[in-house]
Every structure is written in C-alpha cells, then in structure tokens.
Number of protein chains: 2
Amino acid sequence: MIAIKERIKALYPLSEKSMDLLTAIMHKEVHQKGYLLFEAGERSKKIYFLEKGAARAFHYKNDKEVTFWFGFEGDIALSYYAYFAGKPGYETIELLEDATLYVMNWDDLQSLFLQHIEIANWGRKLAENELINTEERFISHQFFSAKERYLSLINNYSDITQRVLLGHIASYLGITQVTLSRIRAGFGKK
Amino acid sequence: MIAIKERIKALYPLSEKSMDLLTAIMHKEVHQKGYLLFEAGERSKKIYFLEKGAARAFHYKNDKEVTFWFGFEGDIALSYYAYFAGKPGYETIELLEDATLYVMNWDDLQSLFLQHIEIANWGRKLAENELINTEERFISHQFFSAKERYLSLINNYSDITQRVLLGHIASYLGITQVTLSRIRAGFGKK
DNA sequence: GACCTCATTTAACAAATGTTAAAAAGAGAT
DNA sequence: ATCTCTTTTTAACATTTGTTAAATGAGGTC
C-alpha cells in the first residue's frame with residue numbers, strides 16, 4: 001500500500017484523514033496477463049491504479065483492434081466515457097503482463113467528493129492530470145509523424161518493444177505493421 | 001450575463017451564493033477578429049468562455065501553422081498546459097470573428113476551489129468535461145480517416161466552411177489543402 | 001465593368017503508405 | 001536439435017497523399 005499512497009499524494013497533497021478515507025474505499029487486485037479490466041460497451045465505474053505490469057486500451061474498428069493507449073507502472077486506467085460522462089465506454093483494456101492493481105469505485109469516490117473539499121480538489125487534480133496526458137497523446141498525433149512518434153516512444157519507454165507487440169505499437173501510431181518495420185529498418189537513413 | 005450563467009450551471013449545479021462568487025471574479029470582454037487570446041510560450045492563466053464568435057488554436061510546427069482546435073458559441077478556451085501544469089502553452093488562440101467573451105483568472109478561481117467545496121466540484125467537472133472533449137478529438141484522429149472526420153465536421157457544424165478557412169480545416173484534419181479539395185470534389189463517389 | 005487580392009480547385013508528377021503474400025527470425029516444448 | 005506456432009521483416013505492386021505550380025472563383029475597390 002506504500003507505493004500507491006505516494007502515487008495518490010503526488011497528485012495532490014492530502015491530510016492523513018483524507019488519505020485514510022481514500023484508502024478505505026480501495027482494494028488490491030492481482031490479475032494475469034490477458035485479463036480484461038474493461039470491455040467495450042460497459043459502463044464501468046472502476047478506477048485502476050497500475051502498480052506493476054503493463055496494459056493497453058483498444059477499440060474495435062471494422063473488426064480490427066486499434067490500440068490507443070499503453071499503461072505501465074504508476075499509470076491510471078479508467079474509462080473516461082463511463083466514468084465522467086456515464087456513457088458506455090468504447091474501449092477494452094487488456095493486461096499485457098501479470099499485474100498488481102489498486103481499484104476504487106466511482107460511486108464511493110463521488111460521495112467523498114461531496115463531503116470533503118480536500119478530496120474534491122484531489123479529484124479535480126486527477127481529472128486535470130488525465131487531461132494533460134490525453135492532450136499530450138492528441139498533440140503527438142496531430143503534430144508529429146509516425147516515425148517521430150515511434151522514436152519518442154522508444155525514447156520514453158526504452159523496453160516497450162520487449163513488453164508490447166509491434167502490431168500494437170503500429171496501430172497505436174496509426175500505421176500498418178509493414179510501415180513500422182520499414183521505419184525500424186531505416187534508422188540513420190533519416 | 002444570463003447566458004454565461006446558464007453555461008456555468010450546465011457544468012455543475014451551483015447555489016446562488018457559489019454562482020455569485022464565481023461571477024464576481026469574471027468580466028466581459030469584446031474583441032475583434034484577429035485578436036489573440038493567447039500566444040504560444042505564454043503561461044496564461046485566463047479562462048475564456050466564448051459567448052459569441054469563433055476561434056481556433058494553432059501551433060507552429062516547422063514555421064507552419066497547425067490548427068488543432070475550433071471554438072464556437074458556448075465553448076471554453078484555455079491553455080491546459082499553462083492552466084493545469086504551469087508549463088508555457090504551445091498554442092496560439094486566435095479569434096476568427098468578432099467575439100464576446102467572459103474571462104476568469106485561474107488564481108482567483110484557485111482560491112475559491114480551496115474554500116468552497118461546491119466550487120471545487122464545479123472545477124472538477126470543468127476539467128472532466130474538457131477531458132471528454134479532448135478525448136473525443138483524440139479518438140476522432142486515431143479511429144477515423146480524414147474524409148470521415150471532414151464529413152462529421154460539416155455534419156456537426158454545418159456552417160463551418162463559411163466561418164473557417166479551408167486551409168485551417170485541412171490542417172485540423174491533418175492533411176493538405178489539396179487533399180481536402182479532392183475529398184470535397186469526390187462526394188458521392190464513395 | 002476592370003482590376004486587385006486572397007481563397008480554392010485542378011493538374012502532373014514524386015514520394016509515402018497500404019495490401020497481400022511469402023520468407024525469415026524467435027520462443028517454447030518435446 | 002527439431003518441430004511448431006507466433007511474430008517480424010521483406011518483396012512487389014496498387015493506392016493514396018504530398019508537392020509545386022497554374023487556373024479558377026469570389027469579394028471588394030476604384
């Protein structure tokens with residue numbers, strides 16, 4: 001529980017009391033590679049803190065999987081649509097490795113938001129943080145080429161090609177796996 | 001002030017008192033087409049509510065402008081980077097038409113967040129809402145082709161081609177204006 | 001109306017990416 | 001080491017998009 005508490009505090013400083021209230025509504029889960037945290041169409045109200053392991057979110061488009069998010073240690077997995085807008089999520093989130101997670105339920109969290117201003121501000125900060133992350137994924141897509149994004153990906157997560165299939169990375173980058181192979185083959189040739 | 005109050009309440013229901021506190025820290029501004037709400041590199045702490053008019057956000061990439069956001073009546077303009085992360089924003093936001101806006105300052109808002117739980121929850125909802133909007137722009141980019149996105153754009157904003165230059169729309173879609181012309185010419189031909 | 005300016009479309013060619021299929025490389029199990 | 005299954009790379013060709021430049025269109029001014 002130590003690491004997760006640090007993760008929570010890093011978002012927004014909390015008093016002991018608020019931290020106790022938050023940890024009281026969360027519990028630990030351990031799941032194997034291949035386990036689905038969410039499935040498309042659900043209105044899941046769970047918020048997962050990924051302590052150990054790797055995950056990806058994907059969407060079915062014309063019967064093909066399009067991966068659009070990777071999560072690693074320290075990341076948070078939740079369906080924004082289901083969580084914030086009450087709409088069914090369009091994403092499936094799959095564990096790529098055996099994982100340790102901490103889980104909270106939105107309903108429990110919601111009642112803390114209404115009663116404790118510190119936790120309400122923590123929740124605000126959580127949303128703001130996820131917003132920055134989402135905007136960065138958006139920017140990356142809008143401003144950079146697939147090659148630039150691939151280089152930045154292996155720069156930020158040097159072991160990603162060991163942990164994630166290249167097919168998933170290609171679909172994350174919005175290109176085919178053939179094109180990704182060409183990019184990987186062409187290093188140095190600009 | 002009527003319309004803007006409705007806009008604020010639509011995010012999250014507020015008591016009279018909270019609404020008064022919020023409206024006390026905002027003021028109206030009127031600007032002409034071409035006025036810049038933000039310039040790239042600034043750490044602007046302003047939040048604009050666009051009551052009337054149109055705007056776009058763009059970023060300079062290799063000396064070229066890349067438009068990545070359009071705002072119309074009812075939309076909110078703020079630099080997430082500057083506002084939430086304290087980093088300099090990378091975006092310039094330009095008015096595309098003469099506009100009426102309401103402006104708040106983040107510092108004033110911040111002190112209300114710390115004192116009034118209702119306003120803290122309103123701020124949470126504001127961030128959650130912007131998160132959904134940003135995710136939708138991201139999804140649109142990741143899951144749909146430029147042609148599909150163009151069709152959905154003119155479907156949602158039927159007058160957008162009257163209000164926004166096609167060059168801006170093309171860069172928003174991530175294609176050149178020549179390709180956009182080809183898409184526009186090819187209606188019906190699948 | 002003729003002229004000017006800016007926005008948009010069209011044309012011709014070059015470059016990049018997609019598609020399909022086959023070959024090569026890796027990882028596990030026997 | 002061999003076999004099998006999966007992942008990744010390569011090849012050949014088709015399609016799409018980019019690039020540059022010219023042509024057309026639309027609005028405003030004299």
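Chain identifiers are assigned alphabetically (A, B, ...) following the order of the sequence lines, protein sequences preceding nucleic acid strands; residue numbering begins at 1 within each chain.
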Original post:
Taking CG from B/Asn62 and P from D/dT19, how many angstroms apart are they, rounded to a whole number?
Top reply: 11 Å
Original post:
What's the CD1-C1' distance between A/Ile183 and D/dT10, to the nearest Å?
Top reply: 15 Å
Original post:
Of the non-hydrogen atoms in B/Ile117 and A/Ala120, which two are nearest, and what is the gap between them?
Top reply: CG1-CB, 4.3 Å
Original post:
To the side chain of B/Arg184, which of C/dT8, C/dG18, D/dT19 is closest?
Top reply: C/dT8
Original post:
How far does the helix from C/dG1-D/dC30 to C/dT30-D/dA1 bend, going by the axes of its first and last five pairs, to the nearest 10°?
Top reply: 30°
Original post:
What's the closest nucleotide to the A/Arg182 side chain, out of C/dT17, C/dT9, C/dA21?
Top reply: C/dT17
Original post:
Whole-Å distance between C/dA25 C1' and A/Gln177 CD?
Top reply: 13 Å
**OP:** Would you indicate whether B/Lys61, at its atom NZ, is surrounded by more than 12 heavy atoms from other residues, nucleotides or ligands within a distance under 6.0 Å?
**Re:** yes
Subject >> Whole-Å gap separating C1' (C/dG18) and NZ (A/Lys64) >> reply: 9 Å
Subject >> Test applied, side chain to side chain contact (heavy atoms under 4.5 Å, CB included); reference residue, A/Ile139; option that passes from A/Gln142, A/Glu135, A/Arg137 >> reply: A/Glu135
Original post:
OP1 or OP2 of C/dT17 sitting under 4.0 Å from any side-chain N/O of A/Thr176?
Top reply: no
Subject >> Between C1' of C/dC6 and NE2 of B/His168, the distance in whole Å >> reply: 12 Å
Original post:
So, is A/Thr179 near the phosphate of C/dG18, with a side-chain N or O under 4.0 Å from OP1 or OP2?
Top reply: yes
Original post:
Just by modelled atom types, is the B/Ser152 backbone N or O under 3.5 Å from a matching donor or acceptor in the B/Asn156 side chain?
Top reply: yes
Original post:
When the distance from CG of B/Leu180 to P of D/dG18 is rounded to whole Å, what number comes out?
Top reply: 11 Å
**OP:** State whether a side-chain donor-acceptor pair under 3.5 Å links B/Gln162 with B/Tyr157.
**Re:** no
Original post:
If we ignore angles and hydrogens, is there a donor and acceptor under 3.5 Å between the side chains of B/Tyr150 and B/Arg184?
Top reply: yes
Original post:
Which one, D/dG18, D/dT8, D/dT19, comes nearest to the side chain of B/Val178?
Top reply: D/dT19
**OP:** Check B/Ile175, B/Thr67, B/Val164 against B/Ile169 for a side chain to side chain contact (heavy atoms under 4.5 Å, CB included) and give me the one that passes.
**Re:** B/Val164
Subject >> Rounded distance in Å - CG (B/Leu166) to P (C/dA7) >> reply: 11 Å
Original post:
Taking atom P of C/dT17 as reference, at what distance in whole Å does atom OH of A/Tyr150 sit?
Top reply: 15 Å
